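See structure below.
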Amino acid sequence: MTPADFYQRDRRLHPPALTPDYKTSVARSPRYSMISLENTVSEVTGPTFGHGDIDPIDNDLISNYAHTGDPVGERIIVHGRVLDENARPVPGTLVEIWQANAGGRYRHKKDSYLAPIDPNFGGCGRTLTDQNGQYAFRTVKPGAYPWRNWVNNWRPAHIHVSVFGTAFAQRLITQLYFEGDPLIPKCPIVQTIPDPEAIEQLIAKLDLNATIPLDSIAYKFDIVLRGRRSTWFENRPEGN
Amino acid sequence: MPQTLSYLRESASQTAGPFVHIGLAPGAAGFDIYRQELGHDIAGPNAKGTRIRVEGVVIDGMGSPVKDVLLEVWQANADGHYAHPESGTVEDGFRGWGRVITDFDSGEWSFDTVKPGPVAGRNGTVQAPHLNLWIVARGINIGLNTRMYFPDEAKANGRDPVLNLIEWDNRRATLIAALHQDGDIPVYRFEIRLQGEGETVFFDI
Ligand SMILES: [Fe+3]
């Protein structure tokens, strides 16, 4: 039997394809309407990952690329749950993150920002959620960085987050921002999101209860994926 | 609070940005960090069916290749089953999922896999063999979903319930790859146009 369909994606909370204030979107945005597709088995299934795919150290960005010592920067824990729209935890799903170092520089051959590379910081991590949908990363807080859009745009401190969920229809890439950052309302990429509450949902909250005293400060960030219909009423047993 | 709906709302998408490789394909960003990167081997050594190569390029509205794009592919095996607990069994090592990056200079990408079989559709229909693709890049605010169909499956394509949702013949054609042969290997070329003449069909799944 095919797994149940997902709730329709609410396209009014997501950024549209064309957002002229984020200039790169202009030439990279489809102009025709998308074709709406009722879920088939191709959309309601998706890849699964296990502990053989990754290593325990992969979620510790403070140590996973350390060569001569710890990376420079404010030590933080980012933790939270992956949930669906029914508020059910999504266990065993792969969460991948990437970020700039504390100075706002990425370890990428295409990043030429003048802030230095940190020899002890790679800037990526990955983990599987546990049975309760919980995940955690240890890292350093990324710095703000300038980018070419208008002449003077600065990205707020952010961590890029990729999540699989249980099906290809739930695949999501988003960004985590930090509570209190004055650059958030000024960022054209953040502002591609038309719904203020949807922006608020991407801002991680300072979570003093989850800190490690005298070691690392913590932020909580829950990620919500599309919810799935219940199959209580199977009124079309052939198919669906 | 009775009569209050307690649904959560999906987290909003944000662009993967120009440095997506750091997170999803660090080797391409220029460094080695993980024991293994994921998504390089789609079909595995035991997969039945025809070994094929798929290649292509993503083209922007100016007609230029998108050199920093990242694609993910999700496909069934030759029997039409996905590597998913609820879709039947597949060969050991068949993952059906791959992560594809481009050559940074040309924007060209390619991957090796097996040709998928026909897949069950809704309400007893049959879907023609296809690859499900998801495309992210700088400037793409939310991942784009499309499908690649096979030119040597004209009959199955003609009955495919998803292709038949597209009322325009010329737009339907944007989802069908071109076939050529490279030695023994069939090579399917799939050019994805984000915008402008020949804009590829994208799906709201
Ligand atoms: Fe970034």
Side-chain angles (χ1 to χ4, degrees), chain A residues 3 10 13-15 17 19 24-25 27-32 34-38 40-43 45-47 53 55 58 64-65 83 85 87 96-98 106-111 122-124 160 162 168-169 171-175 189 192-193 198 201-202 223-227 238-240, chain B residues 6-19 21-24 26 29-31 33-35 38 60-62 66 72 74 82-84 86-87 95-97 119-124 127 130 132 134 136-144 162 165-166 194-195 199 201-205:
Chain A
D10 182 357
L13 75 79
H14 287 287
T19 49
T24 318
S25 75
R28 294 184 170 194
S29 43
R31 293 299 152 83
Y32 294 130
M34 285 182 281
I35 304 290
S36 294
L37 189 59
E38 288 174 287
T40 73
V41 68
S42 300
E43 288 78 37
T45 56
D53 291 319
D55 290 316
D58 291 353
N64 71 4
Y65 201 74
L83 304 165
E85 289 171 303
E96 297 164 290
I97 65 168
W98 68 101
Y106 281 101
R107 181 176 289 280
H108 191 292
K109 53 188 174 194
K110 298 279 180 189
D111 189 2
C124 61
H160 297 265
S162 162
F168 215 50
R171 191 79 181 85
L172 181 72
I173 285 181
T174 187
Q175 298 184 29
I189 289 179
T192 60
I193 299 172
Q201 195 169 311
L202 298 185
I223 301 157
V224 183
L225 304 179
R226 291 168 70 181
E238 290 304 308
N240 222 9
Chain B
S6 57
Y7 296 111
L8 303 178
R9 298 173 82 212
E10 187 186 12
S11 299
S13 171
Q14 290 269 262
T15 180
F19 304 126
H21 313 93
I22 295 173
L24 307 189
F31 67 108
I33 185 165
Y34 295 138
R35 172 170 51 86
L38 301 173
D60 71 14
M62 308 291 187
V66 180
E72 287 185 358
W74 175 238
Y82 285 95
H84 190 270
E86 292 168 279
S87 173
R95 187 151 240 173
W97 172 78
V119 171
R122 294 177 72 90
N123 306 318
Q127 304 186 68
H130 63 276
N132 306 284
W134 185 71
V136 295
R138 176 173 69 103
I140 294 178
N141 288 322
I142 179 164
L144 297 169
V162 171
L165 281 176
I166 306 163
L194 296 179
Q195 185 193 104
E199 181 180 307
V201 168
F202 298 102
F203 293 103
D204 185 6
I205 64 169

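The shown structure was predicted, so the numbers you read here are calculated from the model rather than taken from an experiment. Lettering follows sequence order; numbering is per chain, from 1.
At a threshold of 4.5 Å between non-hydrogen side-chain atoms, the residues B/Trp134 and A/Phe168 count as touching. Side chains of A/Glu43 and B/Asn132 form a contact here, defined as non-hydrogen atoms less than 4.5 Å apart. For the pair B/Val119 and A/Thr40, the minimum side-chain heavy-atom distance is 4.5 Å or more. B/Glu86 has its side chain out of reach of A/Val41: every pair of non-hydrogen atoms, C-beta onward, lies at least 4.5 Å apart.
For chain A, the nearby part of B/Ala83 is the backbone; its heavy atoms alone come within less than 4.5 Å. Residue B/Ile205 touches chain A through both its backbone and its side chain, counting heavy-atom pairs closer than 4.5 Å. Looking at A/Glu96, the atoms closer than 4.5 Å to chain B (heavy atoms on both sides) all sit in the side chain, from C-beta outward. Contact of A/Ser36 with chain B is made through backbone and side chain together, with heavy-atom distances under 4.5 Å. Only the backbone of A/Ile97 comes within contact range of chain B, with at least one heavy atom under 4.5 Å from a heavy atom of that chain. If you measure heavy-atom distances from B/Val66 to chain A, the contacts under 4.5 Å come from both the backbone and the side chain. Only the backbone of A/Leu225 comes within less than 4.5 Å of a heavy atom in chain B; its side chain stays farther off. Of the two parts of B/Tyr82, only the side chain, counted from C-beta on, holds a non-hydrogen atom closer than 4.5 Å to a non-hydrogen atom of chain A. Contact annotation for A/Ala17: only backbone heavy atoms (N, CA, C, O) come within less than 4.5 Å of a heavy atom of chain B. Heavy-atom distances place the side chain of A/Ser162, and not its backbone, under 4.5 Å from chain B.
Most heavy-atom pairs under 4.5 Å with chain A: of the set B/Phe19, B/Tyr7, B/Phe31, this distinction falls to B/Phe19. Most heavy-atom pairs under 4.5 Å with chain A, from the set B/His130, B/Arg9, B/Met62, B/Gln127: that is B/Arg9. Across A/Gly227, A/Ala169, A/Cys124, the residue that shares the most heavy-atom pairs under 4.5 angstrom with chain B is A/Cys124.
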Please test A/Ile189 against A/Gln175 for side-chain contact (heavy atoms from CB on, under 4.5 Å), starting from the C-alpha separation and ending with a verdict. CA-CA 10 Å; A/Ile189 289 179; A/Gln175 298 184 29; 4.1 Å; yes
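Without hydrogens or angle criteria, B/Asn141 side chain to A/Pro15 main chain gives no donor-acceptor distance under 3.5 Å.
In plain terms, the two heavy atoms of A/Glu85 and B/Glu10 that are nearest each other are OE2-N, 3.4 Å. In this structure, A/Thr45 and B/Ser87 approach most closely via the heavy-atom pair CG2-CB, 4.1 Å. Nearest approach of A/Pro30 to B/Glu199, heavy atoms of both residues: CB-OE2, 3.4 Å.
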